[in-house]
2 protein chains.
Amino acid sequence: MPGKRVTLADVARRAGLSTTAASMILNGRPDTRLSREAHDRVIAAAAELDYRPNVAARGLRTDRTNTIGFVSDVVATTRFASGLIKGALEEAHASGHVLLVLETEGDPRRESEAIEAVLDRQVDGIVFATMRARDLFIPPLRQRVPVVLLNATNESYADSVLPDEHTGGRRAVDLLVDAGFGDGILLLGHNAVKEEGLFRSTTVARRIAGIRERMNEHGLQFIDEESIWLWEPEHGYTGMKRMLKKHGRSITAVLALNDRLAFGASQAMAEAGISIPADISVVSFDNDEIASYMRPGLTTVALPHEEMGRVAVRMMLDPATSGEQLVDMPVVQRESIRER
Amino acid sequence: MPGKRVTLADVARRAGLSTTAASMILNGRPDTRLSREAHDRVIAAAAELDYRPNVAARGLRTDRTNTIGFVSDVVATTRFASGLIKGALEEAHASGHVLLVLETEGDPRRESEAIEAVLDRQVDGIVFATMRARDLFIPPLRQRVPVVLLNATNESYADSVLPDEHTGGRRAVDLLVDAGFGDGILLLGHNAVKEEGLFRSTTVARRIAGIRERMNEHGLQFIDEESIWLWEPEHGYTGMKRMLKKHGRSITAVLALNDRLAFGASQAMAEAGISIPADISVVSFDNDEIASYMRPGLTTVALPHEEMGRVAVRMMLDPATSGEQLVDMPVVQRESIRER
DNA sequence: GCGACCTGCTAAAACCATTTAGCACTAACT
DNA sequence: AGTTAGTGCTAAATGGTTTTAGCAGGTCGC
């Protein structure tokens, strides 16, 4: 690690040419009329000196830094949604970009700060990500940069990436119906009557809509719907317990609105001596880590976080794609549904 | 979001002073002799124009960008270790810095690329993080920047942040001993005889050493040690199943080397009709998400990922602290240990 | 023999800040 | 009166790149 950086001037000097020539050659400008010979000399000199252009200096001139701002509420921070960042990192890497990651905890002041911070660093664009898909407040930007919303929506910005929850919801229903279930399916997490008019995040609303639509198409009704506001295991546990007390063995299958609820429900079933899938089949959403830890494994409609992250960055870099991109939610087949 | 950036020259012009004066004033240089009046005018102009210095331009001159490179194998990527990044982000934010996050998947070529990429962007320093603490290979750096290893070690770099596994190991033993256990404790995950000479990561080795040391001090022996190479739930399940068959009810407590093993073990126990903590007490390590999902909750010695991330960035910014920083592993008390 | 055009290259400006060196002027001291 | 010291400020260099404008010399056409 010797002292000074190697600069373009060093390369030019070594090649016996001007920095202009060196710059043009190294950037592969097509219209230039520099000789073959000059090309060779510059390339050689750059290689010998192990020259790396200074991104800051270049950015100053060109306004492009190959750096993307990734501003999120609690994405990196949260085990759950870290796939978003993983996908974004991958895609950024693939196109020679780098991610400046900031987290705001959803605090509007920190959000403004974060935006300033990334704009100060001349990012080529900003991805705003949220852990739970929602309408995101975005303070006015003092500069015009491409913006993509990841797992979020905002009426001033059209470009967003969301999971295709509607189709996902339909798929979950089909998993049960295809396995022969019809009566006795319990919906765990949401009750249409009780939660009438209450706000659920954009995507969850679509998930539920897809479920109901497909149930209707099959001419099916849930045996019951248990409203659960927080979707953590303990709430699934208590909710399921209540339902078991109420309906006993007439419950044949559980459609849980996420894996953590399903996990909690499975604990309640285990306590009641009910086994999955022999007695009750279970299907759910997210493909959270817990789904693979369960025994038997939980069949679930996956939240395609990584792919979403990739799509967001791709969209950010390609001006052609725009609008709302829906990413497919694939079924992850495990052993929690019994064929009837 | 109007067209052009506001530059220092704009501010200076508006204040009727030179850019030199504006720069000095805005940077609060102490030795300057500019009038009170000039100060006020510049400050006012900057505020009115909403001036933000261009970090790239400044960095070009000062070599400081208030940006830190966070280069990791699979930290952001992995649900498990994302606390490391969270802590680092927090601490960076607290000191007005920003994190450039790159992931290498542990691939040496990508690692070199990542280093080049962050150096190209003139970072003020680099944090190298790994998901599982290990000796990390670091390619030679072409420039002299501060380097801190997070959850990793490397013989050329002294500054590193690690969990205090030795003490953590001792604590796990004490949790059981204090609750009245002595005979019948099973060590799940490692067998001294079988794994003799095999490599376990640096920190896991210390964890195990701490456990053994404390057992010896108490004059205790494990009833058995089950060697398990991969520490996922399924391995805990099969391992525990084997042990139950071998020792039956003479196992009184399980000391599992991580929470996922413990979770797997709990599944085996549930199948055998053994309940935690009534029949067998369990203690473990990591404070993985799964530990709080279990029912009853799993008492565990936490991996202090967030604090480690914070310490790493603090260390990076403060030349005074150096060497190997051990971060305390706190006990997270839940309900998996019965008082005897 | 003269303008037009091509070829191969470079000087200098621009990007936006920080920093060094120093100017012009007043006040104080010998 | 002449030197020194202090005050309040600025011109210009600097950092490393890209880009615009253009120079010098040759060839071609007529």
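Below, chain A is the first sequence line, B the second, and so on; all start at residue 1.
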**Asked** Just one of A:V127, A:V148, A:V101, A:V118 clears the side-chain contact (heavy atoms from CB on, under 4.5 Å) bar with A:I68, so which one?
**Response** A:V127
**Prompt:** Who pairs with B:D107 by salt bridge (Lys or Arg N to Asp or Glu O under 4.0 Å), at least two apart in sequence or on another chain?
**Reply:** none
**Item:** SB check B:D10 B:R14 (cutoff 4.0 Å)
**Value:** no
**Request:** Output yes when B:R110 and B:E113 qualify as a salt bridge under the 4.0 Å nitrogen-oxygen rule, no when they do not.
**Result:** no
**Request:** Describe, as an angle rounded to 10 degrees, how the axis at the first end of the helix from C:dG1-D:dC30 to C:dT30-D:dA1 is tilted relative to the axis at the last end, five pairs per end.
**Result:** 70°
Please report the distance, rounded to the nearest Å, between [atom1] in [X] and [atom2] in [N].
X	N	atom1	atom2	value
A:D63	C:dA14	CG	P	16 Å
A:L60	C:dT18	CG	C1'	13 Å
B:R5	C:dA14	CZ	C1'	15 Å
B:R61	C:dA17	CZ	C1'	9 Å

**Message:** On the nucleotide C:dT18, are OP1 or OP2 found under 4.0 Å from the side-chain N or O atoms that B:R29 carries?
**Reply:** no
**Terminal contacting nucleotides, 5' and 3', DNA chain D versus chain A (heavy atom, 4.0 Å)** = D:dG16 to D:dT20
**Prompt:** Considering only heavy atoms, which members of residues 11-28 of chain B lie under 4.0 Å from some atom of DNA chain C?
**Reply:** B:T20, B:S23, B:M24, B:N27
**Request:** Decide yes or no on salt bridge (Lys or Arg N to Asp or Glu O under 4.0 Å) for B:R109 and B:E116, but give the supporting numbers first.
**Result:** CA-CA 11 Å; B:R109 207 175 61 225; B:E116 296 299 320; over 6 Å; no
**Request:** Go through A:E103 and B:K86 one step at a time and tell me if the salt bridge (Lys or Arg N to Asp or Glu O under 4.0 Å) criterion holds.
**Result:** CA-CA 8 Å; A:E103 294 240 320; B:K86 167 165 185 170; over 6 Å; no
**Request:** Ignoring hydrogens and angles, state whether a donor on the side chain of A:Q122 or B:R5 is under 3.5 Å from an acceptor on the partner side chain.
**Result:** yes
**Asked** Do A:R121 and B:T67 get their side chains close enough for a donor-acceptor pair, meaning under 3.5 Å?
**Response** yes
**Item:** DNA chain D contacts made by residues 40-59 of chain B, counting heavy atoms under 4.0 Å
**Value:** B:A57
**Request:** Sequence neighbours left out, what pairs pass salt bridge (charged side-chain N to carboxylate O under 4.0 Å, His left out) with at least one residue falling in residues 55-72 of chain B?
**Result:** B:R64-B:D124
